[in-house]
Amino acid sequence: MSEISEDEIQIMDVDWMPFHPNPQKPAFKPPVGAVDAHCHVFGPANKFPFAPQRKYTPCDASKDQLFALRDHLGFSRNVIVQASCHGRNNDALIDALISSEGLARGVAVIAPDISDDELSQMHDAGVRAVRFNFVKRLVDATPKQVFLDIAERIARLGWHIVVYFEAADLEELIPFLQQLPTIVVVDHMGRPDVSKSLSDVDFQRFVRLIDENENIWTKVSCPERLSNGGPPYGDVIPFSNLLVERFPNRVLWGTDWPHPNMKSHMPDDGELVDLIPQIAPTAQLQQALLVDNPMRLYWPEIIIEGK
Ligand code: 0GY
């Protein structure tokens with residue numbers, strides 16, 4: 001068998017869809033201080049190589065491109081989530097946080113044996129949460145006890161937990177989620193099957209979970225990933241809208257730029273922003289979704305006066 005060099009295996013997957021090269025300027029103007037609370041940076045691979053155990057190899061998506069998109073869309077801040085292609089090496093994330101000069105916070109993926117010093121350095125850089133990923137196509141399974149041990153350590157820092165799972169796995173995960181000692185943010189509305197109705201048993205289980213657990217929040221993100229019909233994602237909006245109206249103080253919104261693992265199409269980020277008035281129809285709901293909620297969670301120390 002011939003040897004494969006590290007350079008060769010860092011080339012993006014042949015079916016990888018790169019992010020939209022020139023998203024439109026949205027017609028919707030986000031409120032002052034709006035936060036894109038779910039996005040990623042990838043590499044650049046020559047500086048921050050992807051993890052050997054990754055399940056996909058993306059194109060580079062740099063911090064500078066992310067910050068340019070932030071400004072173009074009319075947002076002020078980012079929450080950058082460590083993506084599975086970087087494994088537990090958070091260097092690209094930390095580099096982006098430091099470069100943001102306080103305008104980005106981070107969600108890291110960490111090992112249970114991380115030292116207190118490393119955690120403290122991450123905190124100084126802007127990390128405020130860890131992500132527990134249960135999506136089998138993205139990561140190998142981690143024992144729940146490992147996650148519980150991590151949860152206990154990061155709770156002491158005032159951090160919270162972001163979880164990503166498929167709707168089919170929720171029932172089994174509920175006892176675990178209810179043991180977590182911090183705020184818990186569920187990615188992408190728990191990935192509902194939007195071909196079903198709002199009264200479907202799986203989606204109602206998710207709504208009940210948030211109803212019954214005051215520490216559980218969700219991101220009303222990723223219409224492009226959940227939709228069966230494609231843009232303008234009319235099949236997803238009722239799910240996002242229900243959650244925003246019912247839990248106005250426990251919802252976040254994000255672009256999910258650079259949209260890893262999209263296979264059907266690549267969304268225009270400007271069009272995603274233009275969906276916000278349908279998801280959150282009043283100025284009050286928009287202010288909570290885009291400013292007050294993410295600021296409370298990621299920048300509690302800042303009282304917003306302008307930017
Ligand atoms: C997302 C969704 C995905 C990927 C990741 O960490 C990741 O690789 O989160 C996905 O493929 O559904 O939130 O970006």
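Counting starts at 1 for both ligands and their atoms, following the listed order.
- Inclusion of His40 in the set of residues having an N or O under 3.5 Å from an N or O of ligand 1 is warranted.
- Proximity of the aromatic rings of Phe75 and Phe67 is defined here by a centroid distance below 6.0 angstrom, and this criterion is not met.
- Heavy-atom contacts of Tyr56 reach the following atoms of ligand 1: 7 (C), 8 (O) (cutoff under 4.0 Å).
- Not one N or O on the side chain of Asn78 forms a donor-acceptor pair closer than 3.5 Å with the backbone of Ala104.
- Aromatic ring centroids of Phe247 and Trp217 lie 6.0 Å or more apart.
- For the pair Arg131 (side chain) and Val109 (backbone), a donor-acceptor distance under 3.5 Å is absent.
- In summary, the aromatic rings of Tyr164 and His188 are positioned with their centroids under 6.0 Å apart.
- Not a single heavy atom of Lys55 sits less than 4.0 Å from an atom of ligand 1.
- Close contacts between ligand 1 and Pro260 involve ligand atoms 3 (C), 4 (C), 11 (O), 14 (O) [criterion: under 4.0 Å to a heavy atom].
- The His38 neighbourhood of ligand 1 comprises atoms 1 (C), 13 (O), 14 (O), with distances under 4.0 Å to a heavy atom of that residue.
- With respect to atom 6 (O) of ligand 1, the closest heavy atom belonging to the protein is Ser84 N, 2.8 Å.
- Each of the following atoms of ligand 1 lies closer than 4.0 Å to a heavy atom of Arg137: 10 (C), 11 (O), 12 (O).
- Contacts of Lys219 with ligand 1, taken as heavy-atom pairs under 4.0 Å, are absent altogether.
- Within the structure, the closest approach of Asp256 to ligand 1 falls below 4.0 Å when heavy atoms are considered.
- Protein heavy atom nearest atom 9 (O) of ligand 1, with residue, atom name and distance: Arg131 NH1, 2.8 Å.
- Ligand-side atoms of ligand 1 in range of Arg191: 12 (O), range being under 4.0 angstrom from any heavy atom.
- Using a non-hydrogen distance threshold of 4.0 Å, His86 does not register as a contact of ligand 1.
- Close placement of the Phe176 and Phe134 rings is indicated, their centers lying within 6.0 Å of each other.
- Residue-ligand proximity, Ala83 to ligand 1, at heavy-atom distances under 4.0 Å covers atoms 6 (O).
- The backbone N or O of Ser62 lies less than 3.5 Å from no partner atom in the side chain of Asp60, so there is not a single donor-acceptor pair.
- A donor-acceptor pair under 3.5 Å is absent between the side-chain atoms of Asn213 and the main chain of Asn215, judged by distance alone.
- Between His265 and Tyr233, a ring centre-to-centre spacing shorter than 6.0 Å is recorded.
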